[in-house]
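As a basis for the values below, the full set of heavy atoms in this structure was taken, side chains included, without hydrogen atoms, waters or symmetry mates. Indexing begins at 1, ligand by ligand and atom by atom, following the structure's order.
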Amino acid sequence: MRATVMFGAGNVRIEAVPDARLIEPTDALVVVTRAAICGSDLWPYKTMEHSETGRRMGHEAVGVVETVGADVRTLKVGDVVVMPFAYSDGTCIFCHEGLHTSCIHGGFFGAGDVNGAQAEAVRVPQADGTLVVLPAGKDDALMPSLLTLSDVMATGHHAAVAAKVGPGRTAAVVGDGAVGLCGVIAARRLGAEQIILLGRHPNRIALAREFGATDVVSERGDKAVERVRELTDGFGVHSVLECVGLEQSMLTALSIARPGGAVGRVGVPQDETMPASRPAFYNNVTVSGGPAPARAYIEELLPDVLEGRIEPGRVFDRVVRLDEVPDGYRAMNEREAIKVLIGF
Ligand SMILES: [Zn+2]
């Protein structure tokens, strides 16, 4: 079969690889019908050292169950499914607490010996716990939005939950990438009355406004902090969704949280230390977040997608075939595309 392999920074290729197959009796084999390129795939795309064997990419997909292992109980051949970016058993102590990304039998697609999903097929470990059957045909018009439940919409929602967004509260979203845009959807869905997007790309700002952003701040650094304060009676916002992961974005996030506010961070931190720890301390700012337990959120978000109340699939502004994936990486890296959908 064909799969996406990254061999180093800027070097993504579609390669012929051994067919995906069942290994454990708890596995399912899924034929991928749609996958996506993630903003987090761009970090290795910018920095990865050359590797002879390469790294199998991709952790967002929907598809059709092709085969199931002997111990799989809840899935059958032909089911249309969405996979969260992490696999999980659904039964351990952390899964019961809704923190499936910390599953003691879990892990991440495209890491270790579990291959990525930007491929014709993917082996899904812990299939009963991981996969969610979708009440939709594989070519349903809602598929782009259903695909976002794999990661980007769940991650935007997680940022909003970690930032304690709620009715009547003010929120700011740092970052106008696909996760930030889904963060706007999530903040509105959870009832924020003011949603300030910090971003500078006109097409992304336009989409954010359609998703519910009430204000836009395109300045950077201290100027951005000043603008957010102006928009919030000088205090800052209750909830900040940090959707980038750089030192500067985290500094901005902590600086625009009002005293007693919360920062929900979902951008994978690119630094070991967190800036502004002293102001965060004196302002009693909660800092929370991490990899979204997408599996826990799919059931909550799915009805809103199916009934059209949210349309996160609109973050996809380019569709490529599998053999065009290398150009998809280039386009996202150069900010030519917000997010790339891979069709088959
Ligand atoms: Zn578990």
Please step through side-chain contact (heavy atoms from CB on, under 4.5 Å) for the pair K339 and I37, ending with a clear verdict. CA-CA 7 Å; K339 189 169 176 73; I37 302 174; 6.0 Å; no
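Stacking of R34 on the aromatic ring of F344 is not recorded, the 6.0 Å distance cut-off and the 45° axial limit not both being met.
At a threshold of 4.0 Å, the pair E219-R200 does not count as salt-bridged, since none of the basic side-chain nitrogens sits closer than that to a carboxylate oxygen.
The Zn ion (ligand 1) sits nearest to atom OD1 when only the N, O or S atoms of D89 are considered.
Angle subtended at the Zn ion (ligand 1) by C95 SG and C103 SG: 110°, rounded to 10 degrees.
There is no side-chain donor-acceptor pair under 3.5 Å between T26 and D71.
At least one N, O or S atom of C92, from either the backbone or the side chain, sits less than 2.8 Å from the Zn ion (ligand 1).
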